Structure formats: C-alpha cells, structure tokens
> 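Questions regarding the structure given below will be posed in turn.
Just so it is clear, the structure is predicted and the values come from calculations on it, not from any experiment.
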Amino acid sequence: MTASEKPMVSVVELEKRFGDNVVLDGINLEIEKGQVACIIGPSGSGKSTLLRCINHLECPDGGYIEVEGEIIGYERKGDVLKQLPNRAIQQQRREIGMVFQRFNLFPHLTVLENIIEGPVGILRESKREAIPTAEDLLNKVGLSAKRDAYPNTLSGGQQQRVAIARSLAMKPKLMLFDEPTSALDPELVGEVLSVMKRLALTGMTMIVVTHEIGFAREVGDKLIFVDGGKVVETGKPAEMIANPQEPRTRDFLSHLL
C-alpha cells in the first residue's frame with residue numbers, strides 16, 4: 001500500500017492515562033482522506049484527549065497515530081517508537097489545524113492580524129502573500145467587514161469563525177474541531193456550523209467532536225461513539241442515529257434526540 005492509499009488518519013491501539021485514570025483504552029480508528037468524522041460521547045469519555053493526541057498536544061502512553069502514513073510525534077527504530085525532536089513535532093502540527101471550544105484569539109491583534117500571524121511568523125510568508133489569503137478566508141467565513149476589528153468587539157460566533165479562518169490560513173491537510181459550538185449562545189451555533197459545512201464540501205478531512213447530532217447526520221461520513229475511553233460503535237451517521245446497534249449507544253442517543 002502506497003502512502004497515497006493509506007487512510008488520512010490511523011489510530012492504532014491508542015492508550016492515554018492521567019495517573020490511575022485510563023482516559024483512552026486501546027482506541028482503533030481509520031479516517032479516509034476527505035471524510036468528515038464526527039465523534040460523540042458523554043463528558044469524560046476521552047473525546048477531547050483523542051483529538052489532542054492526534055496533533056501530539058498529549059503524548060500517548062501506548063499505541064500510535066499516523067497521518068498520511070507518518071507517525072505523529074515519533075519515528076520507528078526497529079520495533080521501538082522514539083520521540084521526535086520538538087522541531088519535527090512542530091512541523092507535523094503545522095499540517096493539522098485545530099479549533100478549540102474557546103477561540104484563543106490574540107486580543108491585541110485585529111482579525112486580519114490574528115489570521116496572518118501564523119503564516120508570517122511560522123510559515124515565513126511575506127505579508128504581501130499572507131494578506132490576500134487571509135482576506136479570501138474572511139470572505140469565505142462571512143467576515144470581510146470585520147477585517148480591522150478587534151476580537152472583543154465580535155460575538156462568540158464571529159470569534160469562532162475567525163479561529164477557523166486562522167487555522168485554515170496555515171493550509172492544513174487535516175482539521176480537528178473540539179466541540180467548536182459548545183461555548184456559544186444557541187442562536188450563534190448555526191453560523192459556525194454553516195462555515196464547517198462549506199469547509200466539508202471542499203474535501204477537507206475533518207474530525208469533529210460534537211453534540212450537534214443534526215450536523216453529524218447531515219455532514220458526517222462517519223459517526224464514532226466513544227465511552228469509557230473505548231470506541232463503542234462506528235457507522236454511517238444516518239443509519240447509526242436511526243438504528244444504533246449497541247445498547248450504550250442507544251441510551252446515549254436517546255438523551256440527545
């Protein structure tokens with residue numbers, strides 16, 4: 001199998017512990033290029049930790065993750081995985097965008113400055129290169145008029161859309177979303193989900209931790225139910241939502257639908 005034939009993301013026997021608490025307990029997953037995978041599950045089930053392991057914000061205690069055939073955070077030496085130097089890990093992270101529950105925008109920078117910060121400071125693009133790309137992204141997320149505004153003048157939904165544009169400015173091959181609408185007032189959720197739907201149509205591979213079952217049904221290619229640090233059930237969203245096979249999945253979904 002060539003690198004181009006490999007899944008975009010392979011999670012192999014992934015384990016993560018915090019002290020005596022086993023957060024991820026032998027997770028196995030494959031996500032193909034261009035797929036939108038939605039992860040659901042109760043609080044504390046390991047969903048966010050799984051995302052943080054994918055871009056190596058958390059170091060696994062067992063197993064490993066590959067993105068396009070490349071092990072994240074490690075290199076294989078015979079049968080042993082050896083941690084990569086920080087510089088190499090940072091290089092891998094540049095290709096994996098992540099949008100958090102909180103927007104994490106720089107309050108002292110304008111919207112445009114927030115978006116070009118990474119391309120200029122990390123990718124070493126010139127401002128002449130970075131600004132047109134940022135303006136195009138702002139247009140795509142419907143915020144061209146807010147180019148020179150500061151984050152504290154924006155609504156939560158607008159700030160999250162800026163955060164998405166900022167991640168896309170780094171030209172990632174994979175986007176991770178950690179409950180991107182959970183910190184928003186209900187009336188602002190739709191505007192962020194709309195941006196994510198349009199992004200999915202471009203063919204971007206996306207892994208989305210969410211409680212928005214409607215989004216998962218409409219946009220997702222794969223639904224993954226996680227509980228107790230294990231994958232309980234996976235399937236096509238519409239089928240799994242309508243007819244979950246596992247009793248625990250059925251019980252969880254009954255509280256969301």
> State whether the side chain of Lys222 and the backbone N or O of Gln35 hold a donor-acceptor pair below 3.5 Å, judged by distance alone.
no

> For a quick test of reading the model, state the closest non-hydrogen atom pair linking Leu81 to Gly63 and the distance between them.
CD1-O, 4.3 Å

> Taking the side chain from Gln160 and the backbone from Val99, do they hold a donor-acceptor pair closer than 3.5 Å?
no

> Verify side-chain contact (heavy atoms from CB on, under 4.5 Å) between Thr210 and Glu179, making sure each step is shown before the conclusion.
CA-CA 5 Å; Thr210 185; Glu179 299 195 45; 5.8 Å; no

> Do Asp221 side-chain atoms and Val36 backbone N/O form a donor-acceptor pair below 3.5 Å?
yes

> Say you draw a straight line from CE of Met206 to OG1 of Thr202; how long is it, rounded to the nearest 0.5 Å?
8.0 Å

> Side chain of Asn114, backbone of Leu109: donor and acceptor closer than 3.5 Å?
yes

> Using 0.5 Å steps for rounding, measure from the CG atom of Leu57 to the CE atom of Met98.
6.0 Å

> Answer with yes or no whether the side chains of Arg87 and Gln90 bring together a donor and an acceptor at under 3.5 Å.
no

> For His255 and Asp251, indicate whether the former's side chain and the latter's backbone hold a donor-acceptor pair under 3.5 Å.
yes

> Is any side-chain heavy atom of Asn55 closer than 4.5 Å to one of Leu176?
yes

> Honestly curious: do Ile213 and Leu184 fall in one hydrophobic cluster under the side-chain, below-4.5 Å linking rule?
no

> For the residue pair Ser45 and Asp227, confirm or rule out a side-chain donor-acceptor distance under 3.5 Å.
no

> Taking a hydrophobic cluster as the set of Ile, Leu, Val, Met, Phe, Trp and Tyr residues connected by side-chain heavy atoms closer than 4.5 Å, whether directly or through intermediates, do Ile89 and Ile72 fall within one such cluster?
no

> Using modelled atom types and a 3.5 Å cut-off, is there a donor and acceptor pairing between side-chain atoms of Glu75 and backbone atoms of Gln83?
no

> Are Glu95 and Arg93 close enough for a salt bridge, meaning some N to O gap below 4.0 Å?
no

> CG of Leu168 to OG1 of Thr133: how many Å apart, nearest 0.5 Å?
11.5 Å

> One pair to check against side-chain hydrogen bond (donor to acceptor under 3.5 Å, both in side chains): Glu233 and Thr249. What are the steps and the verdict?
CA-CA 7 Å; Glu233 186 172 349; Thr249 313; 2.8 Å; yes

> Does any N or O in the side chain of Arg17 come within less than 3.5 Å of the main-chain N or O of Val22, such that one atom is a donor and the other an acceptor?
no

> Using the side-chain contact (heavy atoms from CB on, under 4.5 Å) rule, take Lys47 and Phe225 through it: C-alpha gap first, then chi angles, then the decisive distance, then the call.
CA-CA 9 Å; Lys47 308 182 300 295; Phe225 174 54; over 6 Å; no

> Is any side-chain heavy atom of Pro42 less than 4.5 Å from a side-chain heavy atom of Phe252?
yes

> Could you tell me whether a side-chain N or O of Glu239 sits under 3.5 Å from a main-chain N or O of Lys236, the two making a donor and an acceptor?
no

> Quick check: do Glu212 and Thr181 have side-chain heavy atoms less than 4.5 Å from each other?
yes

> State yes or no: do Met196 and Val162 share one hydrophobic cluster built from I, L, V, M, F, W and Y residues joined by side-chain heavy-atom distances below 4.5 Å, directly or via other members?
yes

> How about Tyr74 and Tyr64: are their ring centres within less than 6.0 Å of each other?
no

> Testing the 3.5 Å rule here: is there a donor-acceptor pair between the side chains of Ser194 and Arg198?
yes

> When rounded to the nearest 0.5 angstrom, what is the spacing between CG in Asn139 and OG in Ser144?
4.0 Å

> Less than 3.5 Å apart, any donor N or O on the side chain of Gln92 or Glu70 sitting next to an acceptor on the other?
yes

> Below 4.5 Å, heavy atoms only, C-beta onward: do Gln158 and Leu143 meet side chain to side chain?
yes

> I want to check something: taking the side chain as every heavy atom from C-beta on, are Ile207 and Leu51 in contact at a cut-off of under 4.5 Å?
yes

> Does Val195 reach the side chain of Leu199, with side-chain heavy atoms less than 4.5 Å apart?
no

> Can you tell me how far apart NZ (Lys127) and CG (Leu112) are? Round to the nearest 0.5 Å.
9.0 Å

> Find out whether Glu66 and Val12 are in side-chain contact, i.e. whether some heavy atom of one side chain is under 4.5 Å from a heavy atom of the other.
no

> Check the hydrophobic clustering (I, L, V, M, F, W, Y; side-chain heavy atoms under 4.5 Å; chains of links allowed) and say if Leu174 and Ile224 are grouped together.
yes

> Please report the closest heavy-atom contact between Gly97 and Pro172, naming both atoms and the distance.
N-CB, 3.5 Å

> Of the non-hydrogen atoms in Ala169 and Leu123, which two are nearest, and what is the gap between them?
O-CD1, 4.4 Å

> Give me the atom names and distance for the closest heavy-atom approach of Tyr150 to Thr153.
O-OG1, 2.7 Å

> Under the criterion side-chain contact (heavy atoms from CB on, under 4.5 Å), I'd like the reasoning laid out for Ser182 against His211: C-alpha separation, chi angles, the key distance, then a yes or no.
CA-CA 8 Å; Ser182 66; His211 290 295; 5.8 Å; no

> Are Lys171 and Glu125 within salt-bridge range, i.e. N to O under 4.0 Å?
yes

> Would you say Glu113's side chain and Thr110's backbone share a donor-acceptor pair under 3.5 angstrom?
yes

> Side-chain contact, heavy-atom cut-off 4.5 Å: Glu30 with Val9?
no

> Show the nearest heavy-atom pair for residues Gln159 and Leu154, with the distance to one decimal.
NE2-O, 3.4 Å

> Looking only at heavy atoms, which two atoms of Cys53 and Leu24 are closest? And how far apart?
SG-CD1, 4.1 Å

> Supply the atom-to-atom distance Arg52 CZ to Glu58 CD, rounded to the nearest 0.5 angstrom.
5.0 Å

> Is the side chain of Arg250 donor-acceptor paired with the backbone N or O of Pro244 at a distance under 3.5 Å, no angle test?
yes

> Assess whether a salt bridge exists between Glu68 and Lys173, defined as any Lys/Arg side-chain N lying under 4.0 Å from an Asp/Glu carboxylate O.
yes

> Are Val231 and Leu223 connected, step by step, through hydrophobic side chains (Ile, Leu, Val, Met, Phe, Trp, Tyr) whose heavy atoms are closer than 4.5 Å?
no

> For atom CZ of Arg102, decide whether the heavy atoms of other residues, nucleotides or ligands shown that lie under 6.0 angstrom number more than 12.
no

> Tell me, with the steps shown, if Arg217 and Phe215 meet side-chain contact (heavy atoms from CB on, under 4.5 Å).
CA-CA 5 Å; Arg217 184 193 289 112; Phe215 173 85; over 6 Å; no

